[in-house]
Amino acid sequence: MARRAPSGRALAAAPAPSRRLARRVLVLFTLSLSCSYLCYNLLCCCGGSAAPRARCPPVRAAAAKKLLQQSRPCGRAAPAEPPAPPAGSAPGAARPGTKRLPRAIVVGVKKGGTRAVLEFIRVHPDVRALGTEPHFFDRNYHRGLEWYRSLMPRTLDSQITVEKTPSYFVTKEAPRRIFNMSRDTKLIVVVRNPVTRAISDYTQTLSKKPDIPTFEGLTFRNRSLGLVDTSWNAIRIGMYAVHLESWLQYFPLSQIHFVSGEKLITDPAGEMGKVQDFLGIKRVITDKHFYFNKTKGFPCLKKSESSGLPRCLGKSKGRTHVQIDPEVIEQLRDFYRPYNIKFYETVGQDFRWE
Ligand SMILES: Nc1ncnc2c1ncn2[C@@H]1O[C@H](COP(=O)(O)OS(=O)(=O)O)[C@@H](OP(=O)(O)O)[C@H]1O
């Protein structure tokens, strides 16, 4: 008797062998379709969905090899965080480690040499650093700790997460907020002669806004009286002793490490040795990691963390400063002297800025 298909149509009363043959043909057809689709995806580097995509531009052999190594779909930007698992991670685990809140933060100071410290310390295998400045404890606090944690690189149990945001040092609420996250957070402050720092800061602003008043014009409330405008950020940031007071209300001095911005340039390995001691990690970063780049005029890394290639910091680090009247510089030295002395006394270190 003829069976009824769910649709209600009567199945043809075909003999059993021809039904089997029809099924085989159907299976073979489906298989060949799948194979063709697979081959198409392999041959065109634009993998992914079956939706039509733009064809890849022709690439030369070397470039093609690199593309294959990266195995990244064409036309897409590189992911912000390289997905390659670090050595020693479980095979097949695409993203090993856990996103953790930082155990150490480079909290300042702006134009002190904070980028250099971050780029140098992240070469250490026990350190993983967030490359961008999250500004969590000043501008983004309302986003919450989970947001902050989500920005962090993944770390293994043995690794320390580090971030840097130089504006924290002069943010009134930052010490309390960091303390509330973890009272054990290690703090790193890169300090530099406040007069040079102010000029560096001004040079940076001028590069973005060429129409701002002169350095002299912004520095003084009354130049002939030598009245310095402490409300101008470029001046205020360099009053280190004042800002440090806020941090010492929450953290003992032993939990704050001060890097000399000057020595960081003349002896990067020496300064980084002290940073590694402070973080409680082996002194892995040594003289061997640096070379002096004559064109840049600064020490550079022989092998960067990201590419393993020699790397100097970018153009915004090590700019030629604007020329400032020597008399103004002298007035500023006088202005900062008492703050500097207080700062040396508090931290127990003479930075020799006079
Ligand atoms: N190795 C190396 N290469 C280049 N630059 C170096 C280096 N070490 C320290 N510096 C000094 O770092 C100064 C910039 O400081 P920051 O990185 O803290 O600046 S920022 O606040 O993040 O904008 C920058 O200041 P300027 O020279 O005024 O541009 C440098 O003097």
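One-based numbering, in listed order, for ligands and for the atoms of each.
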Note: [X]-[Y] ion pair, threshold 4.0 Å (strictly below):
X: R100; Y: D157; answer: yes
X: D334; Y: R337; answer: yes
X: D287; Y: K302; answer: no
X: E133; Y: K164; answer: yes

Item to complete: Name the orientation class of the two ring planes belonging to F343 and W353 (parallel below 30°, tilted from 30 to 60°, perpendicular beyond 60°).
Response: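 The arrangement is parallel - the two ring planes meet at less than 30°.
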* Tell me the residues surrounding ligand 1, counting only those with a heavy atom closer than 4.0 angstrom, sorted by chain and number. =>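 Those residues closer than 4.0 Å to ligand 1 by some heavy atom are V109, K110, K111, G112, G113, T114, R115, A116, F120, E133, K164, P166, R192, S200, Q204, I265, F298, P299, L313, S316, K317, G318, R319, H321.
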For R143, is the CZ atom crowded, meaning more than 12 foreign heavy atoms sit under 6.0 Å from it?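 Counting neighbours around CZ of R143, more than 12 heavy atoms of other residues, nucleotides or ligands fall under 6.0 Å, so yes.
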